[in-house]
Protein chains: 2
Amino acid sequence: MGPMALGKDYAQQQCSIARALEVVGERWTLLVVRDAFYGVRRYNDFLVHLGIPRAVLAARLQALVEAGVLDRRRYQESPPRDEYVLTERGLALWPVLRSLGAWGRAEVPGAVPLRHFHHADCGTELGPYGECPSCRVPVPLADVEMRPGAGLDPDPADPVSRALLRPRRLLVPLEHTSS
Amino acid sequence: MGPMALGKDYAQQQCSIARALEVVGERWTLLVVRDAFYGVRRYNDFLVHLGIPRAVLAARLQALVEAGVLDRRRYQESPPRDEYVLTERGLALWPVLRSLGAWGRAEVPGAVPLRHFHHADCGTELGPYGECPSCRVPVPLADVEMRPGAGLDPDPADPVSRALLRPRRLLVPLEHTSS
DNA sequence: ACCAGTCGGTTCGGTGAATGAACTCAAGGT
DNA sequence: ACCTTGAGTTCATTCACCGAACCGACTGGT
């Protein structure tokens, strides 16, 4: 029924993990959410950055809006254009992305880090739970600065990846040179 | 090519989150891993507890073994029977499951908790990152006790769910009345 | 007025994965 | 000899994903 995709939802699973996966467990979904943290807000930016099929992206965005993870809002009339922004509930997914990223990084032993996350106030790199080891406080998302790591392709093809190459705060929208 | 399922892997994603999802991002995979933490080790136990199609379970187990998340080992000859146990790399997925579960629990506002996780040494419920708030140490997985919450069905159909109703340590294998 | 281009989709045919049911094989029990 | 259990495999159907093409509203250029 709901937004869940594959055939049926996780049947009679009595488990909050299964409930979470019904919302964010489909292919591409968590990558869309990740991009939203990085400041991506527009259909076309998700599209070129993820390399996702258009129909799938439209479906995921709609499902995430219905699940209350993203908020869709008009940012201009004529032509009507909407952007997708993380809600409170969406922001609460940050620990999931952190832990997944930490695990994925450890997967490849000799891998060079791709992105670093720092406390903008003091510059220290965040600890495993998104806390600042030197200030000893959990860092609010708006105070997290993302910096490119050495493993990142220095000259990517699409403009979104290029924009994400320079250090930037989380959640700050990508710039779009207005006409 | 590899163990990834859907059509192709996450293309050219330069992202450790995407790398993690290539391993554990498919449908059912994280639920299999969750069950492994709960002490499920055998094909048939996964099968009845998850309600997963047989072919899919076989494929997931094989993929997880190839990815180094599970270890397959013979526990009896004649008839040859194997069990699937979490490796070091698999155990490192615990924070992912914790954070997903925490998010899924918060999804439904009025929901009664389904399972609690306590520090076996002192009885205190674990904090959000699997640490013990009173002992102020990260609790090793073997010292985590899982207790049923009020939201859990008190009389489930399958024997695995029934076995998981009583308080038990993580990773301890389910009992099987040997012949 | 005309044309090209952008943005945010929808439609469509082909492919491949998930599903549930049936079947296999080996061993044990009775 | 027959039934059962565990751990799969095979198979037909269904369904989701994929890529490319198409569409509609607008905008900017000439």
Side-chain angles (χ1 to χ4, degrees), chain A residues 1-12 21-22 25-29 31-32 40-65 70 72-84 158-160 173-174 176-179, chain B residues 1-12 21-22 25-29 31-32 40-65 70 72-84 158-160 173-174 176-179:
Chain A
M1 278 292 97
M4 182 53 191
L6 280 178
K8 58 167 57 160
D9 52 346
Y10 286 115
Q12 292 308 336
L21 290 175
E22 281 178 26
E26 288 172 297
R27 189 162 159 75
W28 294 113
T29 303
L31 294 183
V32 170
V40 178
R41 295 186 168 191
R42 302 189 182 179
Y43 182 91
N44 218 48
D45 288 344
F46 286 110
L47 196 73
V48 304
H49 188 231
L50 292 174
I52 181 180
R54 309 177 78 88
V56 176
L57 177 58
R60 293 296 181 273
L61 289 173
Q62 194 181 330
L64 285 170
V65 169
L70 293 180
R72 174 189 205 154
R73 62 183 186 215
R74 187 67 41 105
Y75 67 89
Q76 73 173 26
E77 314 284 342
S78 140
R81 290 287 179 266
D82 297 334
E83 60 184 4
Y84 300 88
D158 70 291
V160 177
L174 293 184
H176 285 272
T177 57
S178 61
S179 64
Chain B
M1 281 293 96
M4 183 55 193
L6 282 177
K8 60 167 53 160
D9 53 345
Y10 286 115
Q12 293 307 335
L21 290 174
E22 282 178 27
E26 288 173 296
R27 188 162 161 74
W28 295 111
T29 302
L31 295 184
V32 170
V40 179
R41 294 184 169 192
R42 301 189 184 179
Y43 181 90
N44 219 47
D45 288 343
F46 286 110
L47 195 73
V48 304
H49 188 230
L50 292 173
I52 180 178
R54 308 177 82 88
V56 177
L57 176 59
R60 293 294 180 273
L61 288 174
Q62 193 181 330
L64 285 171
V65 168
L70 293 181
R72 173 189 205 155
R73 60 184 187 214
R74 187 66 43 104
Y75 68 89
Q76 73 174 28
E77 313 285 342
S78 142
R81 290 287 179 264
D82 297 335
E83 60 184 4
Y84 300 88
D158 69 290
V160 177
L174 293 185
H176 286 272
T177 59
S178 62
S179 63

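In what follows, chains carry the letters A, B, and so on, assigned in the order in which the sequence lines appear, proteins first and then strands, with residues in each chain numbered from 1.
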Write down the distance between [atom1] ([X]) and [atom2] ([N]), rounded to a whole number of angstrom.
X: R74(B); N: dG8(D); atom1: CZ; atom2: C1'; value: 13 Å
X: Q76(A); N: dT27(D); atom1: CD; atom2: P; value: 8 Å
X: L50(B); N: dT19(C); atom1: CG; atom2: P; value: 11 Å
X: L47(A); N: dG19(D); atom1: CG; atom2: P; value: 11 Å
X: E77(B); N: dA26(C); atom1: CD; atom2: P; value: 16 Å
X: L57(B); N: dG20(C); atom1: CG; atom2: C1'; value: 14 Å

For the pair Q76(A) (side chain) and P79(A) (backbone), establish whether a donor and an acceptor sit closer than 3.5 Å, ignoring hydrogens and angles.
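Side chain of Q76(A) to backbone of P79(A), a donor-acceptor pair under 3.5 Å: yes, one is there.
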
Does R81(A) offer a backbone N or O that forms a donor-acceptor pair with the side chain of Y43(A) under 3.5 Å?
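No.
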
Measuring from L64(A):CG to R72(A):CZ, what's the distance to the nearest 0.5 Å?
12.0 Å

Can you tell me how far OG1 of T29(A) sits from CG of L21(B), rounded to the nearest 0.5 angstrom?
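Result: 9.5 Å between the selected atoms.
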
Would you indicate which nucleotide in [options] comes nearest to any side-chain atom of [X]?
X: P79(B); options: dT27(D), dG6(D), dA27(C); result: dA27(C)
X: P53(A); options: dC18(D), dC7(C), dG6(D); result: dC18(D)
X: R27(A); options: dC18(D), dA18(C), dT5(D); result: dC18(D)
X: Y75(B); options: dG24(D), dA7(D), dC26(D); result: dA7(D)
X: S78(A); options: dT5(D), dT27(D), dA27(C); result: dT27(D)

By side chain to side chain contact (heavy atoms under 4.5 Å, CB included) - contacts of [X] (at least two apart):
X: P173(A); answer: R41(A)
X: E77(A); answer: R74(A)
X: P159(A); answer: R162(A)

Taking 4.0 Å as the cut-off, does a side-chain nitrogen or oxygen of R60(B) come that near to OP1 or OP2 on dA18(C)?
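Result: yes.
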
Distances under 3.5 Å between protein N/O atoms and the N/O atoms of nucleotides 9-12 of chain C, please, pair by pair.
unit_1: dG9(C); atom_1: OP1; unit_2: R72(A); atom_2: NH2; d: 2.8
unit_1: dG9(C); atom_1: OP2; unit_2: Y84(A); atom_2: OH; d: 2.8
unit_1: dG9(C); atom_1: N7; unit_2: R54(A); atom_2: NE; d: 2.9
unit_1: dG9(C); atom_1: N7; unit_2: R54(A); atom_2: NH2; d: 3.0
unit_1: dG9(C); atom_1: O6; unit_2: R54(A); atom_2: NE; d: 3.0

Give me the atom names and distance for the closest heavy-atom approach of W28(A) to V56(A).
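Closest heavy-atom pair between W28(A) and V56(A): CD1-CG1, 3.7 Å.
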
side-chain hydrogen bond (donor to acceptor under 3.5 Å, both in side chains) with D45(A): which residues, sequence neighbours excluded?
H176(A)

Using the C1' atoms of five pairs at each end, what's the angle between the two axes of the helix from dA1(C)-dT30(D) to dT30(C)-dA1(D), to 10 degrees?
0°

